[in-house]
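What follows is a set of notes on a single structure, which appears directly below.
Numbered from 1 within each chain, the chains take letters A, B, ... in sequence-line order.
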Amino acid sequence: MEIKAIRGFNDILPDEIGKWQFAEETAREVFEGFGFSEIRIPILERTELFSRGIGEATDIVEKEMYTFVDRSGNSLTLRPEATASIARAYLEHQLYTFDPVAKLYCIGPMFRYERPQKGRYRQFYQIDAEVFGVENPVVDAEVIIMLIHFLKRVGFENLELQINTLGDQTCWPKYREELKRFLTSKSFQLCEDCQRRLQTNPLRIFDCKVETCQEAITNAPKVSDFICSECQKHFDLVKKYLETAGLQYILNPRMVRGLDYYTRTAFEVVSYQLGSQNAVAGGGRYDNLFQEIGGLEIPGIGFAIGMERLVSLLPRDKEFISYPHLFVAALGQEPSKEAYRIVNQLHLEGIRAELDYEGKSLKSQMRRADKLKARYVLILGEDELKRGKAALRNMETKSQEEISINNIFTVLKDKVKELKGKNRH
RNA sequence: GUGAGUGUAGCUCAGUUGGAUAGAGCACUGGGUUGUGGCCCCAGUGGUCGAGGGUUCGAGUCCCUUCACUCACCCCA
């Protein structure tokens with residue numbers, strides 16, 4: 001094969017798709033139960049939307065965007081995340097005139113030009129949820145509760161919820177400056193990476209594994225001493241609402257966000273089974289995003305779930321795969337015609353039926369029926385057909401009965417109903 | 001962008017200090033049963049040994065270059 005998918009772009013094959021569908025269906029059900037509506041947004045936007053919304057100095061904008069100039073000379077970018085686009089749509093269609101509060105969710109692919117590794121790809125899927133127009137910390141909690149509830153519904157009871165507050169425009173920069181000043185005085189102790197982090201993102205130095213760096217930060221100023229009273233109050237309420245909802249969380253004062261628009265509440269759900277990229281979902285409040293892209297002061301909060309990471313934690317289970325209800329094995333010309341007629345009819349009735357397309361021996365048709373895990377096989381031979389009969393074999397019990405072809409639809413409908421009663425499919 | 005590891009059949013992998021037609025298991029196709037699946041037995045299909053160059057009488061094996069994949073760093077979902 002000469003032409004292969006490009007780096008970091010993956011095919012999701014049929015044997016895996018059940019897990020994806022399950023995750024998406026569950027998200028729709030849960031989110032709509034919380035009053036969210038789906039929104040679908042374009043995959044391409046004007047580059048400006050992201051450079052302004054996410055922030056010029058962020059890694060995403062500086063080096064990770066798929067950006068190109070189209071035939072009319074506009075700079076366009078494949079969306080690296082959904083929030084900015086959803087906010088743009090909200091402004092563009094003035095959804096706030098209908099209701100200042102908007103609860104929206106979106107499922108689809110995002111694109112970032114990074115070196116792929118476990119849990120990180122150039123095209124990756126996110127399930128995104130956003131609430132616009134509410135400053136009250138109740139929604140911070142509501143959104144987190146919805147996320148955790150969703151994760152429980154797909155089967156994860158014990159993922160770790162980490163929360164932090166990033167402060168806002170008034171208190172966060174102060175802390176940043178103070179930390180920078182402190183660390184600059186210790187810069188001789190810092191490793192090469194941290195020398196650079198000192199300029200770009202000093203908080204990251206907390207995460208450095210180099211021993212001398214760890215020593216350097218032992219007496220560093222703490223975020224909590226700099227958070228202003230308004231932000232502190234907001235955060236305290238978020239924590240209280242989470243507690244009254246019975247949610248366990250871990251305070252992670254080192255948690256940072258890579259996107260400029262985040263303020264106040266930030267949260268992540270992590271799994272230690274994921275490898276280095278361990279965040280299944282992440283999000284937070286962004287009360288400045290709208291000003292950046294549209295000039296209106298509209299608060300927002302939301303999260304994104306990484307679908308690849310989520311799906312990789314789901315058990316590789318056959319229950320997601322749908323098997324044929326019936327395989328029709330035909331022997332000879334007339335029976336083949338009859339099989340074709342029957343299968344077409346069954347498809348119209350919503351019964352999953354398969355047949356042999358290559359005129360193979362019964363043995364090989366049986367093998368295929370078995371391989372496809374068909375529940376029943378209908379065997380059509382010349383003699384039986386002349387009598388208007390066919391053999392219906394239950395592949396699990398091996399019991400076989402002769403039924404008349406006229407009754408096939410009613411007999412099968414009952415059998416399929418039984419099958420559906422037993423499990424999802 | 002940086003670092004490390006790995007490239008032999010569709011998949012998982014053997015392949016000796018360089019030696020003759022490159023192997024196994026699984027999968028696939030057919031047969032053993034003129035019309036009955038899984039287990040078993042037999043046979044068959046399938047490889048430019050990632051690509052290019054070099055050393056050598058001889059390269060899957062050694063050297064160089066290059067590409068791809070994987071993991072990690074950076075950063076994030």
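- When distances are taken from the side chain of A:Arg393 to each of B:rC28, B:rG37, B:rA77, the shortest belongs to B:rG37.
- Across all strands shown, B:rG3 pairs with B:rC71; the Watson-Crick or G-U wobble distances both stay below 3.5 Å.
- Heavy atoms of other residues, nucleotides or ligands lying less than 6.0 angstrom from CZ of A:Arg40 number 12 at most.
- Look at B:rC39: it lacks any Watson-Crick or wobble partner with both distances under 3.5 angstrom.
- Nearest to the side-chain atoms of A:Lys360 among the listed nucleotides B:rA77, B:rG31, B:rU29 stands B:rU29.
- What separates CG of A:Asn278 from C1' of B:rC74 is a distance of 15 Å, to the nearest Å.
- When the C1' atom of B:rG31 is taken as reference, atom NZ of A:Lys363 falls 7 Å away, rounded to whole Å.
- Between B:rU48 and B:rC67, the two C1' atoms lie 16 Å apart (nearest whole Å).
- In this structure, A:Lys373 does not reach the B:rG37 phosphate: none of its side-chain N or O atoms is under 4.0 Å from OP1 or OP2.
- Counting non-hydrogen atoms of other residues, nucleotides and ligands closer than 6.0 Å to NZ of A:Lys118 gives a total of 12 or fewer.
- As rounded to the nearest Å, B:rC75 and B:rU61 have P atoms that lie 40 Å from one another.
- Within a 6.0 Å radius of CD in A:Glu401, other residues, nucleotides and ligands contribute more than 12 heavy atoms.
- We find that CG of A:Asn10 is positioned 7 Å from P of B:rU70, with the value rounded to whole Å.
- When distances run from any side-chain atom of A:Glu384 to the nucleotides B:rG37, B:rC73, B:rG35, the shortest one goes to B:rG35.
- Between the NZ atom of A:Lys371 and the C1' atom of B:rC39 there is a distance of 17 Å, given to the nearest Å.
- The side chain of A:Ala279 sits closest to B:rA77 out of B:rA68, B:rC75, B:rA77.
- Around atom CD of A:Glu92, more than 12 heavy atoms belonging to other residues, nucleotides or ligands sit under 6.0 Å away.
- Summarising the base pairing, B:rG10 is matched to B:rC26 through a Watson-Crick or G-U wobble pair whose two defining distances lie under 3.5 Å.
- Whole-Å rounding puts the A:Phe9 CZ to B:rC69 P distance at 12 Å.
- Residue contacts shown for A:Arg257 are limited to sugar-phosphate atoms, with no base heavy atom under 4.0 Å away.
- Out of B:rG32, B:rG1, B:rC74, the shortest distance to the side chain of A:Arg115 is found at B:rG1.
- Going from atom CG of A:Asp356 over to atom C1' of B:rG35 covers 14 Å, rounded to whole Å.
- When each of A:Ile305 and A:Asn394 is assigned the nucleotide of RNA chain B bearing its nearest heavy atom, the one mapping closer to the 5' terminus is A:Asn394.
- Using a 4.0 Å heavy-atom criterion, one finds that A:Glu114 contacts the bases of the nucleic acid, with or without backbone contacts as well.
- Rounded to whole Å, the C1' atom of B:rA72 lies 48 Å from the corresponding atom of B:rG30.
- Put simply, the side chain of A:Lys4 and the base of B:rG50 share no donor and acceptor less than 3.5 Å apart.
- Of the P atoms belonging to B:rA9 and B:rG60, the separation is 14 Å, rounded to the nearest Å.
- Checking B:rA68, B:rU36, B:rC75 against every side-chain atom of A:Arg7, the shortest atom distance belongs to B:rA68.
- In the set B:rU36, B:rG30, B:rA77, the nucleotide with an atom closest to the side chain of A:Arg120 is B:rA77.
- No engagement by A:Thr58 is indicated, since no non-hydrogen atom pair under 4.0 Å with the nucleic acid exists.
- Shown here, B:rA20 forms no base pair; nothing in the strands shown gives a Watson-Crick or G-U wobble contact with both key distances under 3.5 Å.
- Dense packing is recorded around CG of A:Asp414, with more than 12 heavy atoms of other residues, nucleotides or ligands lying under 6.0 Å away.
- Ring-plane geometry between A:Phe31 and A:Phe36 is classed as tilted, the angle between the planes lying from 30 to 60 degrees on a 0 to 90 degree scale.
- Comparing the P positions of B:rC62 and B:rG19 gives an interatomic distance of 11 Å, to the nearest angstrom.
- Distance from the side chain of A:Ser276 is smallest to B:rC75 among B:rC75, B:rA68, B:rG37.
- Under a 4.0 Å N-O distance rule, the pair A:Arg122/A:Glu114 does not qualify as a salt bridge.
- Set against B:rC74, B:rA77, B:rG37, the side chain of A:Arg367 has B:rG37 as its closest nucleotide.
- Residue contacts for A:Val377: at a heavy-atom cut-off of 4.0 Å it reaches no nucleic acid atom on any strand shown.
- As a whole-Å value, the separation of A:Gln277 CD from B:rC75 P is 11 Å.
- Within 6.0 Å of OH in A:Tyr113 there are 12 or fewer heavy atoms belonging to other residues, nucleotides or ligands.
- If you take atom C1' in B:rU56 and the same atom in B:rU17, they sit 15 Å apart, rounded to whole Å.
- Separating the C1' atom of B:rU45 from that of B:rU6 is a span of 29 Å, rounded to the nearest Å.
- For the P atoms, the distance linking B:rU8 with B:rG52 amounts to 16 Å, nearest Å.
- If you check every strand for non-hydrogen atoms under 4.0 Å, A:Gln400 touches a base.
- Among the protein residues, A:Gly283 comes within range of no part of the nucleic acid, since none of its heavy atoms lies under 4.0 Å from any strand.
- Contacts of A:Lys118 with the nucleic acid, taken as non-hydrogen atoms under 4.0 Å apart, involve only primed sugar atoms and P, OP1 or OP2.
- Candidate nucleotides B:rA77, B:rG35, B:rC73 were compared by shortest atom distance to the side chain of A:Gln117, and B:rC73 ranks first.
- The pair A:Arg285-A:Glu135 does not meet the salt-bridge criterion, since no charged nitrogen lies less than 4.0 angstrom from a carboxylate oxygen.
- Atom OH in A:Tyr113 sits roughly 10 Å away from atom C1' in B:rG1 (whole-Å rounding).
- Of all nucleotides present, only B:rG54 satisfies the Watson-Crick or G-U wobble test against B:rC62, with each distance under 3.5 Å.
- Residue-level contact check: A:Arg197 touches the backbone only, with heavy atoms under 4.0 Å from sugar-phosphate atoms and none from bases.
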